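Whatever order the structure lists them in is the order used to number ligands and atoms, beginning at 1. A quick note: this is a predicted structure, and the numbers were derived from the prediction, not measured.
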Amino acid sequence: MLRSSVGGGQVEIVETVKTEQQTVSHTTHGGARPVPGPRGIPIFGNIFQLDDKIHESFMKLAEVYGDVFQIKIASRKIVVLNGTKAIHQALVRQSTDFAGRPDLPSMSVMDETTGRALTFTTHCERWRLHRKISERALRHFTSGRQVETLQSKVMFEVQNLIDFWSNNNEDVDVVLDPERTLQLSASNVIASFLFSKRRELDDPELLSLLNLQRGFSDVFSTANMVDFMPWLLHLAPKVFNNFRSYLNQFKSFFDDTIQEHLEAHAPDADGDIMDYMLTLTDHIDQEELRRVGLNHREVLAATYDFFGAGSDTVPATLMWLLSYMVTHPDIQEAVHRELDSVLGDDNRRTPHLNDRDCLPLTEAVIAEAQRHASVIALTIPHSTTRDTVLGGGYDFEIAKDTIVFVNLHSVHYNRTVFPEPDKFIPQRFLHEDGSINREMTSQLVAFGAGRRRCIGSEIAKVELFLYFSTLMQTFRFSCPEGETVSLQGTSGLVSKPVLKSLRIKRR
Ligand code: HEM
């Protein structure tokens, strides 16, 4: 079915698809119970029991109904999963059953514009093949000899950001709004991997695209009621209009690049992710591609998702990291000391990925920021792919096509695993001797779990470490006089701190 000239990976693609089809099926049986949950009111269901921070409302409801409960938003039944045990059972142990995506009105807007690509396609043969090609392409650029290239591309962008912020002033001490430049810088990292192009940090086209990104986050925040009550559109047409504008602008931003790659594609090319995805696709039996409904152009549409995800989640996490440093100056000092002791004080060298093991506090601060901020508190909605029974002692009957909300925040705020969860305590990820506690970091689900787990987690981890350690090595961050930094995140799919002005001073 696949030629083997580009390493063993293509064989793996098809073999893994076969294995997934053999996953144990949990079908309904006599002893199963319906999922419990609060009674709702006609037309609205339970929406008045949910506030803006919907993940926090879910934690309160879980105290009454248990980790797995059912609510209604308008007439749609939704099963909500909270806590490590229930989420692991559903997303990892019964991964195929819970790997679907619901068919919501927002998805139809995607159909009209960019198409659903990878993230929004439900679990099916096409999605499985598409995901395998994408995973293999991303792995190619984050492992082996390519790691050095990844490192140097990221470091180029970090250095460029430092120069932009410093305005070529060695003793810089300025107040600035870091959000847009961080976003532009991170989107350059992902763009240079995807299609070997970058833009300047004040590029108007890229700025306008990123300004519209909010429209995307609003629609895919699980709190987007318009998806469940489409008649609300008459009252709030802006929600979908912003989303549509974003998708259209996104498509035109990418279309030329996709076309150029399709036209210039040479056999076995791997200059960037687009090239390599085309190469992998060449090596798949064309009949197989036709049968699942994919072609070269559609395979490249996954890069819309990579770009969108990479230019929002990584800078949001970096913004959180800077906010925690401003609000916890003692921890900032300790990270500075750790960086100086490993990388040199006067005669400094820049951080390298190999330094990670020698910088446990820096790593622990990143882990604690991911936990405390829960940048993606609720995943993009999942759905069940068949009638199933949630195992692991729950024995809940869940029908095919039920919408499932996964509350990652509830894992990060479990008091048993993370005592005093509201406090920012990086030391919880360290052993007594100061080394990193991998057992604790493995409790985090910032990147989700199971079949739909984040495909870009390796790139993201590299970026977070290199950006954070290099920025911290270079600057001291504080709050401008008379201002305060709030650790209340914005609502939306990706939570961000409100950090409009930041004082940066070169160390
Ligand atoms: C700190 C940064 C990031 C965080 C916290 C994050 C988090 C997540 C989470 C929680 C999911 C799972 C959603 C679910 O269960 O529905 C996800 C999916 C995804 N992420 Fe990330 N992500 C990050 C960076 C990236 C990057 C850099 C890329 C680009 C390659 C990326 C691409 C994707 C894609 C394509 C999916 C959808 C996978 C699918 O549905 O099969 N992410 N991400």
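By the criterion of a separation under 2.8 Å, the protein N/O/S atoms near atom 21 (Fe) of ligand 1 amount to Cys454 SG.
Between Phe98 and His382, the distance separating the two ring centers is not shorter than 6.0 angstrom. In summary, the aromatic rings of Tyr304 and Phe254 are positioned with their centroids under 6.0 Å apart. Within the 6.0 Å centre-distance limit, the rings of Tyr324 and His372 are counted as a close aromatic pair.
Set against the non-hydrogen atoms of Trp127, the atoms of ligand 1 under 4.0 Å away are 41 (O). Interface atoms of ligand 1 facing Ala446, defined by a heavy-atom separation under 4.0 Å, are 5 (C), 7 (C), 10 (C). Close contacts between ligand 1 and Arg131 involve ligand atoms 38 (C), 39 (C), 41 (O) [criterion: under 4.0 Å to a heavy atom]. Residue-ligand proximity, His382 to ligand 1, at heavy-atom distances under 4.0 Å covers atoms 14 (C), 15 (O), 16 (O). Less than 4.0 angstrom separates some heavy atom of Thr317 from each of these atoms of ligand 1: 1 (C).
Checked by distance only, ligand 1 and Arg453 stay at 3.5 Å or farther apart across all their nitrogen or oxygen atoms.
For Leu408, the heavy-atom gap to ligand 1 drops under 4.0 angstrom. In this structure, Ile380 counts as a contact residue of ligand 1, since one of its heavy atoms falls inside 4.0 Å of the ligand. In this structure, Lys461 has no heavy atom closer than 4.0 Å to ligand 1.
Expressed to the nearest 0.5 Å, how far CG of Asp272 lies from CE of Met277 amounts to 11.0 Å.
Compare Thr119, Ile87, Val375 by their heavy atoms: the one nearest to atom 37 (C) of ligand 1 is in Thr119.
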